[in-house]
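Presented below is the structure to which this report refers.
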Amino acid sequence: AMGDAGAKKESPEPEWFGVIRSGDLQRLETLQFDVNDLWEDEDGACWTPLGLACWYSHASIGARLLHRGAAVNGMGCTKWTPLHNALGIY
């Protein structure tokens, strides 16, 4: 439609987001996804899988993501690293 040229495109929440947020390690093991993916939520926060796991203090999921190759210092669009997320520093 006219007037939508500058509108932000909504992207659906990736499956990994809900699985990591809920802390479901068993379900995570069945998912195939880019462990260094970056997804922006409706509030404008950008999340990597490891950053999200750290935000919710899911250590076992974080360890599994690291084992699968997640970047320790991977940043979201806010330039927060997983360590910032784990400590609640923003």
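Side-chain atoms are counted along with the backbone in the values below, which use heavy atoms only and exclude waters and symmetry mates.
Contact record, Asp43 with Asp41: N-OD1, 2.9 Å, taken as the closest heavy-atom pair. When all heavy atoms of Gly62 and Ala53 are compared, the closest pair comes out as N-CB, 4.0 Å. Here the closest heavy-atom approach between residue Ala45 and residue Cys77 is recorded as C-SG, 4.4 Å. The two atoms that bring Ile20 and Pro49 nearest to each other are CD1-CB, 3.6 Å, heavy atoms only. Nearest heavy atom pair, residue Gly74 against residue Pro82, reads O-CD, 3.2 Å.
The distance from atom CD1 of Ile61 to atom CG of Leu66, rounded to the nearest 0.5 Å, is 12.0 Å. Between atom CH2 of residue Trp16 and atom OG1 of residue Thr48 there is a gap of 6.5 Å, rounded to the nearest 0.5 Å. Note: Met75 CE to His84 NE2 = 9.0 Å, rounded to the nearest 0.5 Å. Annotation: the span from Ser60 atom OG to Leu65 atom CG amounts to 9.5 Å, rounded to 0.5 Å. The distance from the OG1 atom of Thr30 to the CG atom of Asp24 is 8.0 Å, given to the nearest 0.5 Å. Rounded to the nearest 0.5 angstrom, Trp39 CH2 and Glu13 CD are separated by 4.5 Å.
In this structure, the side chain of Asn36 engages the main chain of Ala71 through a donor-acceptor pair within 3.5 Å.
In the hydrophobic cluster analysis, where Ile, Leu, Val, Met, Phe, Trp and Tyr join through side-chain heavy atoms closer than 4.5 angstrom, Leu38 is grouped apart from Trp80.
Between Phe17 and Trp47, the ring-plane angle classifies as perpendicular under the 30° and 60° cut-offs.
Proximity of Pro14 to Phe33: side-chain heavy atoms (C-beta onward) are nowhere separated by under 4.5 Å. Using a 4.5 Å heavy-atom cutoff, the side chains of Gln26 and Glu29 are not in contact.
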Step by step, would you call His58 with Leu28 a side-chain contact (heavy atoms from CB on, under 4.5 Å)? CA-CA 12 Å; His58 295 316; Leu28 181 77; over 6 Å; no

